[in-house]
Amino acid sequence: MKFFQRLGRSLMLPVAVLPVAAILSGLGYWILTATGDDGNLAGVFLKLAGGALLDNLPLLFAIGVSIGMATKPDGTSALAGLVSWLMVTTLLAPANVALFKGIEESQVNPAFSNLENVFVGMLCGLIGAWAYDHFKETELPDALSFFSGRRSVAIITAGVSLGLALVLFFVWPLVYSGLVGFGEFILTLGPVGVGIYGFLNRLLIPLGLHHALNSVFWFDVAGINDLGNFLDAEGTYGVTGQYMTGFFPIMMLGLPGAALAMYVTAKTARRKVAAGVLLSSAIASFFVGVTEPLEFSFMFLAPGLYLVHAVFTGISMGISALLPVRMGFGFSGGFIDLVLGWVNPMAQNPWAIPVMGVFWFVVYFVVFRAIILRFDLKTPGREDDADLLEDEQGGVPIGGDKYAVTATAFLAALGGKENIVDLENCATRLRMEIADTSKVDEAALKRAGAAGTMKPGGQSVQVIYGTSVQFVKDAMERIITGQAEPVAAADVADAAEVEGGGGTVTAVRASALVRLRQPLAGTVIPLSEVPDATFAQGIMGPGVAIEPTSGEVVAPAAGTVTHVFPTGHAVALTLDDGTEVLIHVGLDTVKMQGEGFTTLVASGEHVSAGTPLLRADLSAIRAAGYPVVTPVIVMNDKGARIELV
């Protein structure tokens, strides 16, 4: 599974050039169509420019996989992938196969005419990556020292590629026949087969294996080459595009309909937070067809909904194949690719796609809303109260580079930089090997901006972030290698030792200042001194902390109790001026399961400043081995600072 996860990530590197090819080819087709002149130099120029990438896509896969699969790659691994590709494809060119067999070229098995495909490119890339990882530090005798280290990689690659060519000489005709048979079997099923493909495509998303399935139908692995034929306008009108068309209505409008359903079913107090996650994800899905941030927002919270989504995708694919509607893309089924492909000669009735999208928007909204409410699914904004409070602590500190901030928060939530064994990324995910997966704090990752977290097995951990994930990964690497420092915690008010007093203090906002009564007696310390990264780095929000001398916690100002943890170790209030405050007695005290804590108020109760909220047995906390330091956090204003009086 780890191997296939890395392979899926590696495939995204060459696939990333497809938007460029789509734009160039799309503009070229548009100019040629608009002018009605097949010889228009501008149109021909752009079309050829796009074809330069599309015609050499297998070569790009050989290089991209070699880079992506290698450990800490450099240009040497890319060169190794190129060497392997050139050797294999040259040796097994139809003219050379005819020479080896002593027959006429016309008698050569047609499988060899289709050898230059993405599948073989992937094999060559794997050879290049393997040779790089195993021989980049090879030491040879002095007489051959020139070929030591990285210079030996290409030599080893050439030798292994000779072996691959020999194996493919006998095996490729059989493999090719099997792939063609699978593709032909799906083709015989007509729209049903297309629907099955669409269903399986979505089911494989959580494993990251959908790329392998896509390669059979989108590229020239089994002779289908749906994507390549569409972009090159060399396919069969009315057929080409059937393995892509059905994605457009789902990605552009179906999933945004699901996002709206999740928003309207979210708890009132959580809709603002849910909207932040769902809106940006829906926009990405609509415009560019990047669906993972939205899909991962409910994939694990409500797996039944994801199964429904996979079924709907299959139905959309089947219906699109049944209707006279055809469209293709260079990247994914978003609005941009729809516009670019509109004038492609292979496009058929593209106007119907937005109409189908409206239908799927309604279906997704109605069905998702009904299922969520019927089964009380915990989609974004509907989490249980304990999870609700954790999410409302959300966000990362303001200030500095946003990716450095996110990277700092992610590293803390992943157990620190020393817990990261290997760090890579694909289009939307961080893919990591973690020394101790028990240290991974999924809630903290979500608060820091992750759309979801996956643990495929073993030490593998994936964090779904979005299309800017590479910048987060780069920032994490700079911190891990010491090239950059972690982002400092949010500024806090100057600490002072004061004791809690009486009175009727209410929250008074003056600029960013939040002035509160000290909620329990003790010494005030900066939040950065709390021995917990989530608090100390301001990930949950700005604030201060108290080393308590008494276990009675009182309201720091007039307000409403919004949540009391069942374990009694923390309480959250919304003050009369709207400020949301969390008082968390001790660290990791949730593990005490309420022992040593007495709750004195209930959620929804309005309290005055000084009203007792809960009592904690400090000696019991210490005896259990937990620190008693108590953070006081402002959860809904990252620029705030607290002053206790």
Side-chain angles (χ1 to χ4, degrees), residues 15 17-19 21-30 32-33 38 43 46-48 50-51 53-58 110 113-114 116-119 179-198 201 211 213-252 289 313-314 316-334 336-354 356:
V15 166
V17 307
L18 290 178
I23 291 172
L24 294 173
S25 297
L27 290 175
Y29 288 129
W30 181 82
L32 294 174
T33 303
D38 292 339
L46 292 171
K47 180 181 177 182
L48 290 175
L53 297 174
L54 296 171
D55 295 342
N56 292 289
L57 194 60
S113 297
N114 293 277
E116 295 188 13
N117 57 63
V118 169
F119 176 72
L179 291 171
V180 171
F182 176 74
E184 290 176 345
F185 171 71
I186 293 295
L187 288 173
T188 61
L189 298 178
V192 174
V194 178
I196 292 173
Y197 158 67
N201 172 279
H211 300 299
L213 180 67
N214 292 341
S215 66
V216 174
F217 297 94
W218 290 357
F219 306 115
D220 195 15
V221 171
I224 300 175
N225 197 27
D226 204 40
L227 190 151
N229 285 340
F230 183 89
L231 293 183
D232 284 335
E234 295 178 351
T236 303
Y237 183 77
V239 175
T240 297
Q242 64 179 329
Y243 293 102
M244 296 179 284
T245 307
F247 286 118
F248 282 94
I250 298 298
M251 293 178 174
M252 287 176 54
T313 302
S316 175
M317 294 289 290
I319 291 176
S320 299
L322 184 65
L323 297 174
V325 180
R326 297 291 182 268
M327 178 55 66
F329 46 71
F331 181 66
S332 191
I336 293 175
D337 272 285
L338 176 63
V339 172
L340 291 173
W342 197 280
V343 297
N344 190 300
M346 293 294 104
Q348 184 179 19
N349 297 322
W351 59 267
I353 290 177
M356 297 164 65

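Side-chain contact between W351 and N349 is present, with at least one heavy-atom pair separated by less than 4.5 Å.
Separation of atoms CG (L340) and CE (M327) is listed at 9.5 Å; rounding is to 0.5 Å. With rounding to the nearest 0.5 Å, the separation of OG1 in T240 from CZ in R326 is 9.0 Å. Distance CG/D337 to CH2/W342: 13.5 Å, rounded to 0.5 Å.
Listed here is the closest heavy atom pair of G333 and M252: O-CG, 3.6 Å. The two residues Q348 and G238 have their closest heavy-atom pair at OE1-CA, 3.4 Å. The shortest non-hydrogen separation linking A352 to V325 is CB-CG2, 3.8 Å. In this structure, M317 and Q242 approach most closely via the heavy-atom pair CE-O, 3.9 Å.
Not counting sequence neighbours, the partners of V339 by the side-chain contact (heavy atoms from CB on, under 4.5 Å) test are F335. Applying the side-chain contact (heavy atoms from CB on, under 4.5 Å) rule to I196 yields the partners L189, V192, L200; only residues at least two apart in sequence or on another chain are considered. For S316, the side-chain contact (heavy atoms from CB on, under 4.5 Å) criterion is met by P249, I250, S320, W360, not counting sequence neighbours. Under the ring-ring contact (aromatic ring centres under 6.0 Å, His included) criterion, F230 pairs with no residue at all, not counting sequence neighbours. Residues that satisfy the side-chain contact (heavy atoms from CB on, under 4.5 Å) test with P191, not counting sequence neighbours, are A321, L322. With sequence neighbours left out, the side-chain hydrogen bond (donor to acceptor under 3.5 Å, both in side chains) criterion links D232 to no other residue.
Note on ring orientation: taking the six-membered ring where Trp is involved, the planes of Y243 and F217 are tilted (angle from 30° to 60°).
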Requested in this report: Kindly indicate, with the supporting measurements, whether the criterion side-chain contact (heavy atoms from CB on, under 4.5 Å) is fulfilled by T313 and N201.
Outcome: CA-CA 9 Å; T313 302; N201 172 279; 5.5 Å; no
Report task. Test side-chain contact (heavy atoms from CB on, under 4.5 Å) on M244 and L227 and set out the steps. Result -> CA-CA 8 Å; M244 296 179 284; L227 190 151; 3.9 Å; yes
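A donor-acceptor pair is defined here as one N or O able to donate and one able to accept, closer than 3.5 Å; such a pair exists between the side chain of N229 and the backbone of I224.
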